[in-house]
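Notes for the one structure printed next.
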Amino acid sequence: MSTSPPIVLNVNGIEVIYNHVILVLKGVSLNVPEGQIAAILGGNGAGKTTTLRAISNLLKGERGEVTKGSIELRGERIENLSPADLVQRGVVQVMEGRHCFAHLTIEENLMTGSYTRTDKAEVARNLEKVYTYFPRLKTRRTSQAAYTSGGEQQMCAIGRALMANPSVVLLDEPSMGLAPQIVEEVFEIVKDLNTKEKVTFLIAEQNTNMALRYADYGYIMESGRIVMDGAADDLRNNEDVKEFYLGVGGGERKSFKDVKSYKRRKRWLA
Amino acid sequence: MSTKKIGDVILDVQNISLRFGGVKALTDISFNVKEHEIRAIIGPNGAGKSSMLNCINGVYQPQEGAITFRGRTFKGMNSRQVAEMGIGRTFQNLALFKGMSVIDNIMTGRNLRMKSHILLQALRIGPAQKEEEQHREFVEHIIDFLEIQAYRKTPVGTLPYGLQKRVDLGRALAMEPKVLLLDEPMAGMNVEEKQDMCRFILDVNDEFGTTIVLIEHDMGVVMDISDRVVVLDYGKKIGDGTPDEVRNNEEVISAYLGTSH
Amino acid sequence: MGFFLETLIGGLMAGMLYSLVALGFVLIFKASGVFNFAQGAMVLFAALAMARFSEWIPQWLGLESKLLANLIAFAIATACMFALAWLIERLVLRYLVNQEGATLLMATLGISYFLDGLGQSLFGSNVYQIDIGMPKDPLFLFESMFEGGVLINQEDIVAAIIAACLVALLSLFFQKTSTGRALRAVADDHQAAQSIGIPLNRIWVIVWCVAGITALVAGIIWGSKLGVQFSLTTVALRALPVVILGGLTSVPGAIIGGLIIGVGEKLSEIYIGPLVGGGIEIWFAYVLALVFLLFRPQGLFGEKIIDRV
Amino acid sequence: MFYRENGQFKTSYRADQQIFPIAQDRWAILALLALAFVAVPMLASDYLMRAILIPFLIFSLAAVGVNILVGYCGQISLGSGAFMAVGAYGAYNFFVRVPGMPLIPALILGGVCAMLFGILFGLPSLRVRGLYLAVATLAAQFFADWMFLRIKWFTLDTPSGSVAVSNLQVFGLHLESAVSKYLFCLSILAIIALLAKNLVRSAIGREWMAIRDMDVAAAVIGIRPMYAKLSAFAVSSFIIGVAGALWAFVYLGAWEPSAFSVDYSFRLLFMVIIGGLGSIMGSMFGAAFITVLPIALNQLLPFVAGLFGMTVSTTAVAHAEFMIFGGLIVWFLIVEPHGLARLWSIGKQKLRLWPFPH
Amino acid sequence: QEQYLPVLSYRTGPYAPNGTPTANGIVDYYKLVNERGGINGVKILVEECETGYDTARSVECYERLKGKNGGAALIHPWSTGATFALTEKAPVDKIPLITTGYGRSESADGMVFKWNFPLLGTYWVAADVIVQAIGKKEGGLDKLKGKKIALVYHDSPFGKEPIPLLQERAKMHGFDLQLLPVTAPGVEQKATWLQVRQSRPDYVLLWGWGVMNSTALKEAQATGYPRDKMYGVWWAGAEPDVRDVGQGAKGYNAVTLQHGTDRNAPIVKEILDKLHAKGKGTGPKEEVGETLYLRGVVSAAMGVEGIRAAQERFGKGKVMTGEQVRWGLENLNLTQAKLDALGFKGVLRGPISTSCTDHVGSGAARIHTWDGSKWAFSTDWFDADSQIIKPMVKSTAAKYGAEKKLEARPAADCSS
Ligand SMILES: Nc1ncnc2c1ncn2[C@@H]1O[C@H](COP(=O)(O)OP(=O)(O)OP(=O)(O)O)[C@@H](O)[C@H]1O
Ligand SMILES: Nc1ncnc2c1ncn2[C@@H]1O[C@H](COP(=O)(O)OP(=O)(O)OP(=O)(O)O)[C@@H](O)[C@H]1O
Ligand SMILES: CC(C)C[C@H](N)C(=O)O
Ligand SMILES: [Mg+2]
Ligand SMILES: [Mg+2]
């Protein structure tokens, strides 16, 4: 941490409102330095996905808008760019919940990922790379995406993003629905790309354990605000994080079976 | 460890094979589920776990094999029959009714039990009104149980992923099923939430005596809460037994668990 | 027998003409998932532009040559359709990314109202002529074989050839360009397409331009047949069964569907019609399409409707 | 600030299940009903009632019907014009063929005819879906057009095929004056809208919505697609049929099949989408938009032009009307793709927060 | 005080090409009357309402305009469909309906249809004249025996109107009547014309409106059916119907509603002089005097003369109510001299005189033929056979009256 690398992504106090009425992000700021892996952690509905959507400008389709604050990519304001422009600038988002093109085959799905790349050889190389990362995809390459299993679709979505040769990847819950060893592999891939190709990652993840193991820096979100941030190692050793996000409060990992009570807040007909 | 009483076989899957064109999703799978137990199905991506549930559920019709549920044997059923017999389920890729509120989503789970005539429903008098209230009460319990009170009237489409999963579970619970099939109920949750979810599942299992079939990739969860585990790989069964047995099965380790676990 | 043959040929020809309009629907649907109910209005608009400019240009420029006037008019009409495509994207589609099919469909209905009004106020609401020198008189074949010969409409033949060329061209466009794949991706999921850098805006302009040209070609052919007037828009209603029978996403489907519908409705009108009082062809076409759909819900060549949990 | 449910505690599920759980809404709706039933007949001119309000009420009714099928059950239909026609001709035949048939039963029987017809043409929905179904339902439209033109029996063998009714009475009262017609239509709308609302918030309504949103999952929790879809077709076409009968009997008086052309099918679909899919209230907003707007434009445009010292020809007005109408549709969809009803509820939500921005 | 005369017109939509010139004619005639100093000094106040040839919109326009500016004194619905709907409403509102050459044929019976005035001719008149013309061409009505006549018609009340009369005539003369409906608006007629080609009728009657007409002619050309064997109703015999078929329609005949195209008629000259020359005209100058334009003029004139007749009785220089105009229309007596004085020399044939029982006033028409560039009269006048039509009118109207439980108009009503 001697010479801090330049900041690639700088999110500055953004507010996001859905449908003109639902205020979801209440002043979120974060920045991601070049060549780092940053993680956004937080429970369901904290606003992780929304943050990523705000960065990649995919909010419009959900009828959301950034009403305050600024987002900069390498010093350039990007709020008014189209998602396609962002991909041109190397920012790609892997959307939560897969979103594969149902009627296209796996291979066609991957190929659409290289829409912005013109070099045929490069595309072929990328395709090979994705297939080596995810051999399972290769065996299912001719199936329509809709008829592949959940995990296969997740791999397809990640692979598709990699086809664009991105320099910044926004990953939304990459581990969801993947078998444990694949999760591990995905994070290995992330690490690999990060170290070898200097790709910057911003990952929204529920699997805190995994995320903090691979990330350099972490942000913890709760109901639309960043409530804590710090280097991944620091966070990992923080008692609260341990208890609530890693499930190892008080030293030993508790068996899921022995978690006896959950917080019951009684409310009656809101 | 547990003090609960595991009963007889309630669901018996015999030699199921399922093909889609050239793809063999399931090959000659047999296993059983006993009353009151938590039965996990694990395996790598694309192993055929969801397909297995779909067969039990009547969404897919297996080409071969039969399923025995509470003594009755079926070779292919339709979903309605399955639901009527008391098998409920949740979905891996959220299959909620996006445009409906949380309450309405869960209320649909009660539909099988609502019998009043359409004309009475239109007039909303007598039994129709009473029924509506009774079931609403039941649903409120579930909502309470799942801690989603605050979202009662929100359209589920706008809920964050994790909450949608809970609603999905709620809808299945509302059916008061004998057997509950859960397809990755904990995907997209953090540890705290998973703990809650485990609690829900164990409580359902305890309190209502519901038998549970569970697909899950989080080995911590699976090994902790399930009574027995089936392992599938490429559509074949490669392991079946208690968590400990499975954990030490060579084939399972190489195909799925990997050495790191 | 001769008459049966004649009916058959007549049906095929009519079917080709429907295909021409159906193509427009298919293109836009295939490429953006929008069921474009403005197709009829676009056909009228294009035809009006063509007819009026070919009438005005000789006046403005003092041109003598009919051919030249037609060519210039064609160029201007094409430009109009391109401008239209651009405007539609700019003012409408861009704001409706990721909306449901029904919403998009409704927007195209709005566009169609707008175009009807605009077309008529710019170009007038009379009957206008497009004269590209289509032969109008009948041709009789096999006169030695059948009494009275088998009648063939020369105009229809020309139209059929043009339609066939157009289809060939479009199939190439979809199969051989990488845009083709991107188009299908857009149709599946706007948001995901955006997220991997497919520029929706550009794609939509391209597709609507192509659809605009198809509309222009359809407009010229139908217009020179019927005269350019408001009723051209109703031609779209006759093309709809073709679209669903062939499959919403299939270019060749539009042709095959057209042929089946064309033949089916003509045969039914002539052989069943008289028994029940006639005038059955339009609903027969729809019922025919419906019967096919019962066996293949996605149409003959449409992409399978995906339904999975 | 003022528009809040704060402090309004529900002590029973019944209270919470009311159509308008918020007291202010209940008052508003009561006021609206009073306005519609008492003030409007006293204040509105004959023209306003005959030419605008009655069509608006009848189309609201039809739109409620269409919304059940399209908005709640998700089966896009372009056959609504046909269901209206069947309702109209069905009611007509009962009305003139059965001696002494009173009006209301005739209307209901007309609705029943439409219902049967609707079920028949709803059968393909068990296999065909989405836009394919939408286009296929046009078969019903064109078939009905043809049927009433060609099968003389339906039109009592009148050579022109145009039929007429007169001397309408309800409980011995003549349905002649604009006020009586208005009140008659209003009452029918109010009753049917209430019944429809009850249906959509009951078990059957949830079945429809479930089928609309995710039919496989619906099947898995025990909903029979066939029953849900066909019942939606039945209820919807019944209501549309009654509306069609009203349109013919009360508004037109004499009609021919073209009074129920495809145009009406489109227009009805318009109404429910502009108004808001899956909203009974929205159907009425949509009906107001589609029936009133063109007429209003037609009358307003010359006036507006007059303000600027221009005289516009009817042609220009008609064209401008098309363009503005189309433009407004697009504009509304952009502002709120979920229709006027959603706009309305967002407005209410804002009001709830007011005076705070969020 | 002005006499308020609303105009229901359609200048947009599928029927605009035909509706526009008609409306121009009406409006111009009203303007002309005002130029001339009004009806005994009473100026006409005109207001147009766009119906799009849609019945429901027509009803809305009617409702909108009927009470405005002191009340509409008469209405031209300009559509048979709308006429059917308004027939039920007019008696209540006491507004006479003028349906020159369209509407319901049985409404010629003023004893039942008190408020309908199908002046100058009904569709039964048109059909009858066509049959007579064909008979004449063949060399006598008896020559029609065994012949085959096809009726290609707009599938609507309008298109079906002539059928009863043709059936009657077919029975009388022993010709075969083939019915070929065309679904509105009629852009696709291939099957129809294949059927024509198959059954080879000796004559084809064309009962179309709007795009259907030109399409029929084009299909006839494409299937080689001789155009000179085709006879159209007067709504299928104007310039928009044939203009873009051009030479392809050469030889095609249509019955006229008395007038045809006449650019040199005094009335046309006057309109050009007093209006178009001064920039006050409606629509393009070139179309003044064309068939549909003239139809509008003639129809408007009928209404104006009705008002004039009413003024004779109820007070010259006063604004007339609908009821009064009804009386006027029922007591028209336009002799040839009067018509000529109005500028209709060579356009209309007198006398046009109506009565309580006869709301048509005349029953004569000619045939004109398209020569490739213009319409020209090709026959002399035919008088429709009242022996045939009268009883049909009587019985059909009676049936209507019975259905509606109408009370018969007392004889006194006629003289009041
Ligand atoms: N399209 C939308 N319309 C309205 N509200 C929305 C929409 N999308 C998300 N929200 C709301 O925004 C809040 C944050 O949601 P978001 O999806 O960003 O959470 P998340 O942190 O990604 O949760 P999860 O881990 O479950 O995916 C939630 O309360 C949700 O209800
Ligand atoms: N309807 C279908 N058509 C074709 N292939 C299918 C279909 N359903 C499933 N498959 C294939 O069957 C195999 C098993 O799929 P399944 O969804 O059961 O996997 P899974 O074990 O649930 O995996 P995951 O953990 O990734 O969800 C996959 O390879 C999938 O592509
Ligand atoms: C001008 C119109 C009145 C003619 C039309 N075809 C009709 O009779 O309906
Ligand atoms: Mg998320
Ligand atoms: Mg799965």
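Throughout, protein chains are lettered first and strands after them, A, B, ... in sequence-line order, and every chain is numbered starting at 1.
Here the closest heavy-atom approach between residue E:Pro181 and residue C:Gly279 is recorded as CG-N, 3.8 Å.
Remark: side-chain polar atoms of E:Thr12 are not paired, donor with acceptor, to backbone N or O of C:Ser125 under 3.5 angstrom. Between the side chain of E:Lys218 and the main chain of C:Leu226, a donor-acceptor pair closer than 3.5 Å is present.
Sequence neighbours left out, the pairs with a member in residues 269-282 of chain C that pass salt bridge (Lys or Arg N to Asp or Glu O under 4.0 Å) are C:Arg238-C:Glu281, C:Lys266-C:Glu281.
Rounding to the nearest 0.5 angstrom, the gap separating the CZ atom in C:Phe3 from the CD atom in E:Gln195 is 7.0 Å. Atom CZ of residue E:Arg197 and atom CD1 of residue C:Ile270 lie 11.0 Å apart, to the nearest 0.5 angstrom. C:Glu265 contributes atom CD, which lies 10.0 Å from atom NZ of E:Lys190 (distance to the nearest 0.5 angstrom).
Residue contact with chain C, scored on non-hydrogen atoms closer than 4.5 Å, is absent for E:Glu239. Heavy atoms closer than 4.5 Å to chain C are found nowhere in E:Val182, neither backbone nor side chain. In this structure, the portions of E:Leu194 lying under 4.5 Å from any heavy atom of chain C include both its backbone and its side chain. Using a 4.5 Å cut-off between heavy atoms, C:Asp156 touches chain E through its side chain atoms alone. Contact of C:Glu155 with chain E is not made at all, since no heavy-atom distance falls under 4.5 Å.
Below 4.5 Å, heavy atoms of chain C meet heavy atoms from E:Glu219, E:Gln221, E:Ala222, E:Thr223, E:Gly224, all part of residues 219-230 of chain E.
For the side-chain contact (heavy atoms from CB on, under 4.5 Å) criterion with C:Gln229, the lone passing option out of E:Pro185, E:Ser214, E:Pro14 is E:Ser214. Just one residue in the list C:Leu232, C:Thr234, C:Thr233 forms a side-chain contact (heavy atoms from CB on, under 4.5 Å) with E:Val187, and that residue is C:Thr234.
Most heavy-atom pairs under 4.5 Å with chain E, from the set C:Ala14, C:Ser231, C:Ser268: that is C:Ser231. Between chain C and the options E:Pro17, E:Ala16, E:Gly186, heavy-atom pairs under 4.5 Å are most frequent for E:Pro17.
Dense packing is recorded around NZ of E:Lys147, with more than 12 heavy atoms of other residues, nucleotides or ligands lying under 6.0 Å away.
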